[in-house]
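Below is one structure, written out as structure tokens, with a few remarks after it.
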Amino acid sequence: MSQTYKICLLPGDGIGPEIIAEGVKVLDAIGKKYDTTFEYTEALLGGIAIDETGTALPQETLDVASASDAVLLAAVGGPKWDTTDPNKPRPEQGLLGIRKALGLYANLRPVKIFNALADASTLKPEVIDGVDMVIVRELTGGLYFGERGREYDVEGAGVDGAKGQRAFDTLMYSEYEVERIVRHAFETARKRRSKVHSIDKANVLESSRMWREITHRIAEDYPDVELNDMLVDNTAMQLVNAPTQFDVVVTENMFGDILSDEASMLTGSLGMLASASLGDGTALYEPSHGSAPDIAGQGIANPLAQILSVEMMLRYSFDMNDAADDIARAVDEVLNEGWRTKDLVNADTPEDKVVGTKEMGDLVVAHLGA
Ligand code: IPM
Ligand code: MG
């Protein structure tokens, strides 16, 4: 019997609409091959939602998203909406809001070297050869969601003892939040190379000391998985020094945000990294990169991270592992044949191998296998 899945599409801003079209193209091709129907409902999120409704996360978007089997997001944000005024809406509120509202506490960011792109990295080939890790980032707690505020005209807060302003953010975690993300990491490790690095700043932060305690307690349930604690500053260094030591990296929200951008550069381009945000209900899939407003509308953006997020969707939400493997293989083949979007080009790339967003999507579809 043919299966039908409801997918909420959130194109967002910048290159978002261009790349999500390629994700949909690939999904449709997969649907044909595997006798599956994907039904799409588009909704507003981010800057475009601010323009059209005054808020970055309209209630309607949340309703559509929660009623779907999965959410495919492209990217949000752009200079048009940049502001430091706490009273003005910002596109990122849409992203953070939907993560929180859907309870997407586990953000999986795989970092794997594509052989064909080994020379796209700024690091030496012998350093990145064999890199294959997944960053498991806590996504609904910590500094991103703790109490924050700004105070004005505070005595002594200004320069030379004058009145001035003061701002604060809070890094708070509850036990259950640490427990579920760390367990997720151990479970993930079991399906991989059975190694977990838990990243913290336990030499300074109380929240990190609790994180470490809980992690060690959980580790007792997984004697087959190797656990390493690593301080976040050391991790930043190890990621460029000896990145092949990592298998599963689990860490709190803000550390994960920073380390995942750093790790993405091992692969040469942020344009290749997909991510899955999972919780107990509908999951959300998005590229790890932003909305690249500088190249929006030119048809040159790399759609592969979006397409690889579709791969993750098929795997995690629909259990369509063969279809997901098709996409992974197709992307590999296309790259091995030398096709490149602009962000992946180097001095040796022949001009006739440089393709735009749509062409890249077509190439992947052509390699999916009928
Ligand atoms: C990411 C992004 C977001 C984050 C921004 C856009 C709010 O950098 O998904 O990593 O910090 O989580
Ligand atoms: Mg980030």
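Keep in mind that what you see is a predicted model, and the values were worked out from it rather than measured. Every number for a ligand or one of its atoms is a count from 1 in the order of the listing.
- Residue Arg109 touches ligand 1 through its side chain alone, judged by heavy-atom distances below 4.0 Å.
- No option in Ser317, Ser277, Ser275 other than Ser317 meets the side chain to side chain donor-acceptor pair (under 3.5 Å) test with Tyr285.
- Glu92 CG, 3.8 Å is the protein heavy atom nearest to atom 7 (C) of ligand 1.
- Atoms of the protein (N, O or S only) found under 2.8 Å from the Mg ion (ligand 2) are Asp257 OD1.
- Taking 4.0 Å as the cut-off between side-chain N and carboxylate O, Asp13 and Lys80 do not count as a salt-bridged pair.
- Annotation: side chain of Val71 is not in contact with side chain of Glu286 (no heavy-atom distance under 4.5 Å).
- The cationic group of Lys201 does not satisfy the cation-pi geometry with Phe255, failing either the under 6.0 Å distance to the six-membered ring centre or the 45° limit from the ring axis.
- Tyr144 OH, 2.5 Å is the protein heavy atom nearest to atom 11 (O) of ligand 1.
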| field | Full working for side-chain hydrogen bond (donor to acceptor under 3.5 Å, both in side chains) between Thr341 and Asp343 | value | CA-CA 6 Å; Thr341 43; Asp343 55 307; 2.7 Å; yes
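- Closest heavy-atom approach to atom 8 (O) of ligand 1 among the candidates Leu273, Asp257, Asp261: Asp257.
- The shortest side-chain heavy-atom distance between Arg193 and Asp132 falls under the 4.5 Å cut-off.
- With hydrogens and angles left out, the side-chain atoms of Thr349 and Asn346 include a donor and acceptor closer than 3.5 Å.
- Counting the atoms of ligand 1 from 1 in the order shown, those under 4.0 Å from a heavy atom of Arg137 are 1 (C), 4 (C), 9 (O), 10 (O), 11 (O), 12 (O).
- Relative ring orientation between Tyr173 and Trp211 is described as perpendicular, the plane-to-plane angle rising above 60° on a 0-90° scale split at 30° and 60°.
- Where the criterion is an N or O separation shorter than 3.5 Å, residue side chain and backbone included, Arg99 meets it with respect to ligand 1.
- In this model, no donor atom of one side chain and acceptor atom of the other lie less than 3.5 Å apart for Asp229 and Ser198.
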